[in-house]
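In what follows, a single structure is set out as structure tokens and then discussed.
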Amino acid sequence: MRLLVLMLLFVSTLSFANTQPQPINLEYQQLQKLNIELMTLAKEAASTTGSSLDVVRLQLLNKNKELRKTLTNLIDDKQADKKLLVQQVEQQIKFAADAEKFLQTKVERDQKDLDTAKDTDKLVALKALTESRDFIILVLNDEWENYQWMARLGKPQPNSVKALKNNIEHRLDFMSTSLIFGSQTLELNEKQIKSATGDELKTLQVTQILSQRQVDSDTKNLTDLVKLADNMGLDTAEYKRLLFEQTGNVTDDLLNSKVMWSIVTSWTTDFSSWLFENLPQMIFKVIIFIFIIFLFKTLKNIVRKMVTRAVSTKNLKMSMLMKEFFISMSGKIVFAIGILIALSQVGLNLAPILTGFGVAGIIVGFALQDTLSNFASGMMLLIYRPFDVGDLVEAGSITGKVSHMSLVNTTIKTFSNEIIIVPNSKIWGDIIKNVTHEKVRRIDMIFGIGYSDDIEKTERVLQEIVESHPSVLRSPEPTIKLHTLNSSSVDFIVRPWVKTDDYWDVYWDITREVKIRFDREGISIPFPQQDVHLHMVKKAIESKTA
């Protein structure tokens, strides 16, 4: 294609080389030399094929660039032959016009070939179309430079410049529309690929590649056209906005107030249009969402009350922790179901959300191993019920009354009115002593008397003290026995049975009464003592007196 275009150039410059007088300036000589070399390369290209043809094409392109560079230098020379340069530039204008017509026809043909090509041939057809469009832009840049040369040579072409600007504006509109259409097609194709399978997926993947390359080509062409339009003084703010939205590239053009205003206006317009189209539906979905949430919140309270009544029956004999667990979980499960239903009604796809919760659950599980250990221990406490709220326990090396229980920790209130929160893993992994689990407890007490005291009298006094206390139970019977002949005392065990709530009152009352009665009855309460016999001292004294 480029060879044909350049051959048109050589044909047009051939007449110039044959008709102009021999120039005497070095740059004129260079210009004539380049024309001759271009004609020679054109003839060579006509009879060359294969890889050699690509080499000749590259030489032709470079020679043409040298020719235009020489023209630029001559045009800037005030002493140059203006008439000669005008003729040369006119030939360039003619060539550019012919090249544009040829390339436009080529683009239309390539576009038709792309539309009718098989899937296996579409990439080749798209490449040919892209090359044709790229070369048109090069020709348009040359046209604009040609008209600038004519203006500097004193031969302005206002009508031709106006026509070229109109041509550029038309191409900008066409290319921007093509880019928007291609982007929408690409986006739609991406959505279809997510649900496609088999042969349909393969076809869509090929279409995806073609659409992406088409969008890339349109983006490049529009970028080049915008640069040319900027040089021509055309307003390109809208097209720069489109390029920014398409590529996301931040350039100096964004600092332009017109471009920024165009971006803001476009976003505002798009948002207004979207809001106008979707606002009624959004309001309806919000109403449905609120209604479902309100409905399930009411249902949650009803379910909680029903579960509370169910677990509070005497036949179940559930612990407080288990009751709170069932009551709490029943309400939370119902409300969670309501939230999921409400989200599905507003159009959210729950599958990715649930999948995300699953992945997040694994991550959180690793991060909160200790907490999960406490939770597991709480479940074991819930199942085996070693104690309940209100019980007096010794657990986790803490002694006190259980004031609150959860699946993670247990709150214990000590005898000194301190609140201690113990992790359930500490409790379940240690010995648990439930002091108040049973309704009846035995008080174990030991009282010692001296070896010289009356044992039968002591037994009678202890029996009277225990039997006279109103809180001591008659069944089981209390135990009062001589237990140990200790080193300093004769020890009696006193073991009355009492209600669990009366334990400490009876303990303190009996201890006090024993001391009072023993003193009254003359029964001694010995303290630890030892008798020391010093035989050596006695002998020493006797020897001195003798």
Between E169 and L234, is the side chain to side chain contact (heavy atoms under 4.5 Å, CB included) condition met? List the steps.
CA-CA 8 Å; E169 290 177 345; L234 299 177; 3.6 Å; yes
Please tell me whether N141 and E145 have a donor and an acceptor in their side chains that are separated by less than 3.5 angstrom.
no
The salt bridge (Lys or Arg N to Asp or Glu O under 4.0 Å) partners of R171 (sequence neighbours excluded) come to E100
Once you round to the nearest 0.5 Å, how far does NZ of K162 lie from OH of Y147?
14.0 Å
Is there side-chain contact between R213 and K127, with heavy atoms separated by less than 4.5 Å?
no
List the residues meeting side-chain contact (heavy atoms from CB on, under 4.5 Å) with D224, not counting sequence neighbours, and say none if there are none.
I137, K220
Between Q148 and V161, is there a side-chain heavy-atom distance shorter than 4.5 Å?
no
Under a 4.5 Å cut-off applied to non-hydrogen side-chain atoms, are I293 and F335 in contact?
yes
Contact summary for I168 and A229, nearest pair of heavy atoms:
CG2-CB, 4.1 Å
Go through it in stages, so that I can follow the logic: the residues are H404 and T410, the test is side chain to side chain contact (heavy atoms under 4.5 Å, CB included), and I'd like the CA-CA distance, side-chain angles, deciding distance and then a yes or no.
CA-CA 6 Å; H404 178 71; T410 300; over 6 Å; no
Is a side-chain donor or acceptor of S178 paired with a backbone partner of F174 at a separation under 3.5 angstrom?
no
Please assess L188 against Q184 for the test side chain to side chain contact (heavy atoms under 4.5 Å, CB included), listing each intermediate value before the final yes or no.
CA-CA 6 Å; L188 178 61; Q184 293 175 348; over 6 Å; no
How about K227 and M232: do any of their side-chain heavy atoms sit closer than 4.5 Å?
no
Heavy-atom closest contact (S132 atom, V107 atom, distance):
CB-CG2, 3.6 Å
Atom pair CD/CG of E90 and L153 - distance to nearest 0.5 Å:
9.5 Å
Verify, without hydrogens or angle tests, whether N409 (side chain) and M405 (backbone) share a donor-acceptor contact under 3.5 angstrom.
no
L225 side chain near L140 side chain, heavy-atom distance below 4.5 Å:
yes
Do the side chain of K122 and the main chain of L114 share a donor and acceptor less than 3.5 angstrom apart?
yes
Gap between atom CE of M380 and atom CG of N424 - 0.5 Å precision
12.0 Å
To the nearest 0.5 Å, tell me how far D115 CG sits from D110 CG.
11.0 Å
Which heavy atom in L210 sits nearest to a heavy atom in L123, and how many Å separate them?
CD2-CD2, 3.4 Å
Inter-residue atom distance I421.CD1 - T411.OG1, 0.5 Å rounding:
4.5 Å
Would V307 and V303 count as a side chain to side chain contact (heavy atoms under 4.5 Å, CB included) if you check the C-alpha gap in whole Å, the side-chain angles of each, and the deciding distance to 0.1 Å?
CA-CA 6 Å; V307 173; V303 171; 4.0 Å; yes
Is a donor on one side and an acceptor on the other found under 3.5 Å between the side chain of N167 and the backbone of A163?
no
Would you call L186 and E190 a side-chain contact if the rule is heavy atoms closer than 4.5 Å?
yes
Applied to residues 288-306, the salt bridge (Lys or Arg N to Asp or Glu O under 4.0 Å) test, sequence neighbours excluded, yields none
Ignoring hydrogens, what is the shortest heavy-atom contact between F296 and I341? Give both atom names and the distance.
CZ-CD1, 3.6 Å
A side-chain contact here means heavy atoms from C-beta on lying under 4.5 Å apart; do I193 and Q208 qualify?
yes
Has the side chain of T223 got a donor or acceptor atom that lies under 3.5 Å from a matching backbone atom of T219?
yes
Straight-line distance of L299 CG to I337 CD1, nearest 0.5 Å:
9.0 Å
Please say whether more than 12 non-hydrogen atoms of neighbouring residues, nucleotides or ligands are located less than 6.0 Å from NZ in K426.
no
Search all heavy atoms of W428 against all heavy atoms of S377 and return the closest pair with its distance.
CB-CB, 3.9 Å
Provide the closest heavy-atom pair for S211 versus T185 in the form atom of the first, atom of the second, distance.
OG-CG2, 4.0 Å
